Structures are given as C-alpha cells and as structure tokens.
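To keep things clear, I will list the structure first and then write my remarks on it.
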Amino acid sequence: MNTQSYKSLDFELIEQGTYLLTLNRPASLNALNTEIFREFALALDEVADDAEARVLLITGAGEKAFVAGADISEMRDKSAVEGMAFSQTAMTLFRRLEMLPIPVIAVVNGYCLGGGCELAMACDWIIASENAVFGQPEVNLGITPGFGATQRLSRLIGPARAMEMIVSGRHVDANEALTWGLVNHVYPQDRLMDEALSIAGTICQKGPLAVRLSKQAIVRGASLDLDSGCQIESQAFGLCFSSAEQKEGMAAFLEKRKPEFKGA
Ligand code: COA
C-alpha cells in the first residue's frame with residue numbers, strides 16, 4: 001500500500017506492520033537535501049501515528065548507494081547561519097528517528113558516507129551489503145560532520161576509531177565496519193532486502209508493547225547513568241504486566257503453544 005505521495009523518497013507499508021522508506025534521488029546517489037528532509041519528517045509522522053506499526057526499514061534507491069552524504073550542490077553557497085540551520089534540521093530529524101517508538105533498521109546497500117552514515121547510525125542497527133562503504137569524508141570538503149557523527153560514531157565504535165574515520169576521511173568497507181561494531185551483519189547484495197524482511201518478520205511476531213518499551217529503555221538509557229536507566233527498565237517491566245500480551249505470552253508458553261499477540 002502506498003501512503004501519501006512523495007517525490008524524493010518512496011514510503012510504503014510493505015507487509016503488515018513493516019514500513020519501507022527508500023531514499024530516492026539516485027542521480028545524486030540519494031544525497032540528502034532540504035526536500036528529502038521535509039518528506040522524511042512527513043514519513044516519520046505517518047509511522048508515529050500508526051499504532052499497528054512494528055518496524056521501519058530504511059534503504060537507498062539503486063544498487064550503488066544508501067546515501068552519499070548531504071547534497072554538496074545545495075550546501076556550497078550556504079552562510080554560517082544557514083549551515084547551522086541545515087545541521088539543526090538534520091539533528092532534530094535524526095533524533096526523532098532515534099526516538100521513534102518502533103525499531104528502525106538501516107539497510108545499507110552501497111555508499112554510506114557523511115550524512116548517510118549519520119542517518120544509518122541514528123537507526124537502531126545497521127545491516128549492510130558486501131559492497132557497502134562507510135565514511136565521514138567531510139574534512140575533504142573543508143567542513144566537520146554536521147549531522148551527529150562526532151557524537152554517535154564515537155559512542156558506537158569508540159573515540160579512537162571515530163577520530164581516525166573523521167579526521168582522515170578514510171573509507172571503511174563492510175567487513176571492517178562489521179569488525180568495528182558499526183554494522184550488525186553483512187550479506188551479499190542480492191540477499192540484503194530478503195534478510196531485512198526476515199528480521200522485520202521476526203520482530204512482528206513478538207509482543208508489540210514489549211518491543212516498543214525495550215527500544216525506549218535502550219535509547220533513553222543510553223544517555224543516562226546506570227541507576228536512572230535501570231529505573232526506566234523497571235517501570236517498563238512493570239507496565240508489561242498490565243498488558244494483554246503479557247497474559248497471552250505467558251499463557252501460551254505454559255500451554256505449549258505459539259502466542260497470538262494483537263495490537264500494540
Ligand atoms: N552531493 C551531491 N551530489 C552527489 C553527492 C553528494 N554528496 N555524492 C555524489 N553526488 C553526485 C555526483 O556529483 C554525480 O553527479 P553527476 O552525475 O551529475 O556528475 C553523481 O552523484 C554520481 O557520483 P560520482 O562521483 O560520479 O560517482 P563515483 O562512483 O565516481 O563516486 C562517491 C562515488 C560516493 C565516492 C563520490 O560521489 C563522492 O565522493 N561523493 C561525495 C561524498 C561526500 O563527500 N559526502 C559527504 C558530503 S558532506
């Protein structure tokens with residue numbers, strides 16, 4: 001089913017509970033510009049409004065790139081104030097993505113550079129094709145990263161590796177990204193989307209409230225001290241016991257049958 005019409009991205013409910021957002025500007029290797037950000041925000045509104053949504057997959061159109069960065073032709077003539085505003089737009093959007101109540105998987109099918117890598121890191125995890133290439137090449141253009149890499153890349157792979165990638169601008173291939181913990185799994189390109197759908201299918205079979213609360217505890221806990229994070233987990237755990245899915249999940253286990261979870 002197609003949702004509202006978009007120009008720079010495709011956004012559809014591809015299976016019950018699973019949305020697929022495809023960044024679709026292949027002529028510029030899906031570079032991120034103002035229009036794509038505007039449409040991305042609308043797509044996130046649609047997902048957030050759908051109580052039946054379970055998983056969001058994000059990928060790039062074509063076989064060459066996930067996203068090759070922010071759009072350099074749009075950025076070239078920006079002033080300092082406009083540069084900061086462009087950064088703030090992306091920061092707000094990527095934080096919203098990170099805080100989306102359902103899991104979001106970046107399905108990285110090629111170049112994943114600059115803003116593309118920053119977008120992928122704002123997803124809950126990354127799976128990649130064997131030809132994927134990661135990098136933060138902003139220093140080649142005389143700028144710093146602007147959509148979160150100095151913070152999220154450090155937290156994901158550690159400050160030394162993040163420093164190396166950001167200050168040298170060097171590309172990292174899929175297997176190195178896997179070793180460094182930037183990527184969860186690497187697949188041949190022709191299997192990547194099937195693997196993504198299989199992961200989505202697995203998540204859709206689980207208790208929807210438990211999935212949402214688990215994500216919330218992990219994301220919110222990441223910026224808290226241990227005691228505060230554990231407190232969020234205790235509250236989430238307690239809340240589960242007021243849900244029909246907890247009754248069904250435990251009854252099904254004890255009756256040796258598969259649970260039938262309904263709704264979120
Ligand atoms: N912004 C705008 N356009 C971009 C772009 C970007 N970030 N990345 C690629 N493109 C465009 C190219 O200008 C080219 O357009 P053209 O066909 O009109 O000339 C088209 O996409 C294809 O890119 P091209 O460079 O010809 O492909 P390639 O296979 O030789 O190289 C890359 C691929 C990804 C290595 C190279 O495009 C690149 O380095 N892109 C910029 C990456 C970057 O610096 N990102 C951070 C931005 S802050």
Side-chain angles (χ1 to χ4, degrees), residues 6-10 21-41 58-95 97-98 106-123 126-154 156-157 161-178 180 182-183 186 189-190 192:
Y6 294 91
K7 277 199 277 183
S8 301
L9 50 88
D10 296 330
L21 190 160
T22 306
L23 299 148
N24 191 6
R25 301 184 67 224
S28 61
L29 305 185
N30 307 320
L32 302 173
N33 64 2
T34 301
E35 181 176 81
I36 223 169
F37 282 150
R38 193 180 53 74
E39 294 190 348
F40 202 114
I58 300 183
T59 195
E63 298 198 335
K64 195 169 168 181
F66 173 72
V67 170
D71 192 315
I72 298 167
S73 51
E74 182 179 316
M75 285 188 297
R76 181 175 56 183
D77 296 324
K78 284 195 188 305
S79 67
V81 170
E82 289 166 342
M84 194 181 290
F86 192 49
S87 165
Q88 285 298 327
T89 299
M91 293 289 195
T92 304
L93 193 59
F94 290 3
R95 186 64 180 150
L97 177 66
E98 201 162 42
V107 183
V108 172
N109 54 317
Y111 286 112
C112 183
L113 302 175
C117 193
E118 290 165 307
L119 166 61
M121 289 189 288
C123 298
I126 302 173
I127 63 171
S129 56
E130 286 165 343
N131 65 324
V133 174
F134 296 82
Q136 296 294 158
E138 288 87 349
V139 288
N140 296 329
L141 301 167
I143 56 173
T144 65
F147 303 170
T150 60
Q151 305 307 305
R152 287 196 180 89
L153 191 58
S154 263
L156 263 173
I157 65 174
R161 286 169 170 164
M163 190 74 79
E164 181 185 340
M165 280 181 72
I166 290 171
V167 305
S168 75
R170 116 167 147 80
H171 288 175
V172 167
D173 68 23
N175 284 322
E176 194 170 13
L178 183 67
W180 281 10
L182 181 56
V183 163
V186 175
Q189 186 158 35
D190 59 357
L192 181 67

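Computed from heavy atoms alone, side chains included, the values below leave out hydrogens, waters and symmetry copies. Indexing begins at 1, ligand by ligand and atom by atom, following the structure's order. Predicted, not measured: the structure shown is a model, and the values here were computed from it.
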Around [atom], find the nearest protein heavy atom and jot down its residue, atom name and distance.
atom                    : value
atom 6 (C) of ligand 1  : Ala70 O, 3.6 Å
atom 1 (N) of ligand 1  : Ile72 N, 2.9 Å
atom 20 (C) of ligand 1 : Ala27 O, 3.3 Å
atom 3 (N) of ligand 1  : Ser28 CB, 3.9 Å
atom 39 (O) of ligand 1 : Leu113 CD1, 4.6 Å
atom 36 (C) of ligand 1 : Leu29 CD1, 4.7 Å
atom 45 (N) of ligand 1 : Ala68 O, 3.0 Å

Self-check item: Presence of salt bridge, Glu98 and Arg152, under 4.0 angstrom
Solution: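 A salt bridge is present here (some side-chain N lies under 4.0 Å from a carboxylate O).
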Practice problem: Show your working on salt bridge (Lys or Arg N to Asp or Glu O under 4.0 Å) between Glu164 and Arg161 and close with a plain yes or no. | Solution: CA-CA 5 Å; Glu164 181 185 340; Arg161 286 169 170 164; over 6 Å; no
Practice problem: May I ask you to decide if Val133's main-chain N or O and Asp173's side chain share a donor-acceptor pair within less than 3.5 Å? | Solution: no
Quiz item: Is there a donor-acceptor pair under 3.5 Å between the side chain of Gln189 and the backbone N or O of Glu63?
Solution: yes
Does the protein place a non-hydrogen atom closer than 4.0 angstrom to [atom]?
atom                    : result
atom 31 (O) of ligand 1 : no
atom 26 (O) of ligand 1 : no
atom 34 (C) of ligand 1 : yes

Quiz item: Counting only heavy atoms, which portion of Asn140 has something under 4.0 Å from ligand 1: side chain, backbone, both, or neither?
Solution: neither
Quiz item: Would you say Lys64 and ligand 1 have an N/O pair spaced under 3.5 Å apart?
Solution: yes
Quiz prompt | Lys7 atom NZ, neighbour heavy-atom count above 12 within 6.0 Å | solution = no
Quiz item: Side chains of Leu113 and His171: closer than 4.5 Å at any heavy-atom pair?
Solution: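 Heavy-atom side-chain distance check passes, below 4.5 Å.
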Quiz item: Under 30°, 30 to 60°, or over 60°: which ring-plane class applies to Phe37 and Phe86, parallel, tilted or perpendicular?
Solution: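 Ring orientation of Phe37 relative to Phe86: tilted.
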Practice problem: Decide whether the shortest distance between a heavy atom of Gly116 and an atom of ligand 1 is less than 4.0 Å. | Solution: no
Quiz prompt | Proximity flag Glu74 to ligand 1, non-hydrogen atoms under 4.0 Å | solution =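 Glu74 does not count as a contact of ligand 1 under the 4.0 Å cut-off.
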